[in-house]
Amino acid sequence: MRIRDLLDIPGLRLRLLTGDPDREFGTVHITDLPEPGRYLSGGELVLTGLMWRQEPEDSARFVTTLAEAGVAAVGAGAALLGHVPDDLVAACAAGGLPLLEVPTEVSFRTLTELAAPRASGDVRAALGRHRRLVAAVAEGADLRERSSWPRPSWASPAPS
């Protein structure tokens, strides 16, 4: 699922503070650990209530941990501080991670429940492409014929 698709869900009122709205994520992970990297596998939208933040310098450490784990984006709840702190915005911008502000009225559970079916739809589409590819190869298709196969949304354009 793309960040842009999440931003378009009515009623969530999410706000992109920095980063690419076309970035894709596959799952949602909720954490307030200061260094959650060992629990992440990459491609996640990480939602946090900012409980790990004691001082502005903590943001850089948190974002570095997420970037090293291959996280796709961060969603920060505004409930604790009433806003997303500028140091977190700067750290995400420097780390290349899109950052969403999650309004106080939106629970992480609601956000996860709305995003999960859409993200799993992307997974189902990818699985369908994979099955068609395997079937084509099983029927004798040459790998050089791949330009006629459907391209996933995240793939770079076909070579000319």
Side-chain angles (χ1 to χ4, degrees), residues 1-53 58-79 84 88-103 105-137 143 146-159:
M1 173 176 204
R2 294 177 310 151
I3 298 296
R4 179 180 312 281
D5 300 329
L6 194 60
L7 292 168
D8 289 342
I9 296 175
L12 288 181
R13 297 181 335 278
L14 302 176
R15 192 165 60 109
L16 183 65
L17 300 178
T18 188
D20 181 4
D22 290 320
R23 175 80 58 92
E24 293 185 9
F25 65 93
T27 60
V28 178
H29 184 90
I30 301 170
T31 187
D32 273 315
L33 293 173
E35 295 185 27
R38 67 176 171 244
Y39 301 108
L40 302 167
S41 57
E44 298 95 344
L45 166 62
V46 171
L47 301 177
T48 179
L50 304 175
M51 298 300 292
W52 48 265
R53 186 182 178 277
D58 294 340
S59 291
R61 184 179 72 224
F62 183 75
V63 170
T64 297
T65 299
L66 298 180
E68 288 173 354
V71 164
V74 179
V84 175
L88 181 57
V89 177
C92 284
L97 287 178
L99 175 63
L100 299 167
E101 181 178 55
V102 180
E105 303 79 29
V106 177
S107 76
F108 288 168
R109 178 178 176 169
T110 298
L111 182 54
T112 300
E113 288 173 351
L114 290 171
R118 289 168 172 84
S120 65
D122 292 346
V123 171
R124 284 192 299 271
L127 182 58
R129 287 189 298 271
H130 177 74
R131 286 181 177 148
R132 289 190 299 277
L133 173 65
V134 170
V137 171
L143 289 178
R146 70 184 182 274
S147 62
S148 64
W149 296 342
R151 299 190 60 74
S153 62
W154 49 263
S156 58

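Any value given below was found using the heavy atoms of this structure, including those in side chains, with hydrogens, waters and symmetry copies removed. Along the sequence shown, residues carry numbers from 1.
- A distance-only check finds a donor-acceptor pair linking the side chain of Arg23 to the backbone of Ala72 [under 3.5 Å].
- In terms of heavy-atom proximity, Ala73 sits nearest to Ile3 at CB-CD1, 3.5 Å.
- When side chains are defined from C-beta on, Leu40 counts as touching His29, because their heavy atoms get closer than 4.5 Å.
- Without hydrogens or angle criteria, Thr110 side chain to Val106 main chain gives no donor-acceptor distance under 3.5 Å.
- In this structure, Thr65 and Leu33 have side chains that are not in contact, with every pair of non-hydrogen atoms separated by 4.5 Å or more.
- Note: Arg13 CZ to Glu101 CD = 10.5 Å, rounded to the nearest 0.5 Å.
- Contact detail for Leu100 and Leu45: the closest heavy-atom pair is CD1-CD1, 4.3 Å.
- Between the side chain of Asp32 and the main chain of Thr48, no donor-acceptor pair closer than 3.5 Å is present.
- In this structure, Val74 and Cys92 approach most closely via the heavy-atom pair CG2-SG, 4.3 Å.
- Separation of atoms CG (Leu47) and OG (Ser107) is listed at 10.0 Å; rounding is to 0.5 Å.
- What you find for Pro98 and Leu16 is that their closest heavy atoms are CB-CD1, 4.3 Å.
- Of all heavy-atom pairs between Phe108 and Gly49, the closest is CE1-N, 3.6 Å.
- In this structure, the separation between CG on Leu88 and CG on Leu99 is 5.0 Å, given to the nearest 0.5 Å.
- Here the closest non-hydrogen pair linking Ala67 and Gly95 is CB-O, 4.3 Å.
- At a threshold of 4.0 Å, the pair Arg4-Asp22 counts as salt-bridged, since one of the basic side-chain nitrogens sits closer than that to a carboxylate oxygen.
- The existence of a salt bridge linking Asp5 and Arg2 is confirmed by a sub-4.0 Å separation between a basic side-chain nitrogen and an acidic carboxylate oxygen.
- Exactly one residue among Thr31, Ile30, Val71, Leu66 makes a side chain to side chain contact (heavy atoms under 4.5 Å, CB included) with Glu44. That residue is Val71.
- In this structure, Leu111 and Val28 have side chains that are not in contact, with every pair of non-hydrogen atoms separated by 4.5 Å or more.
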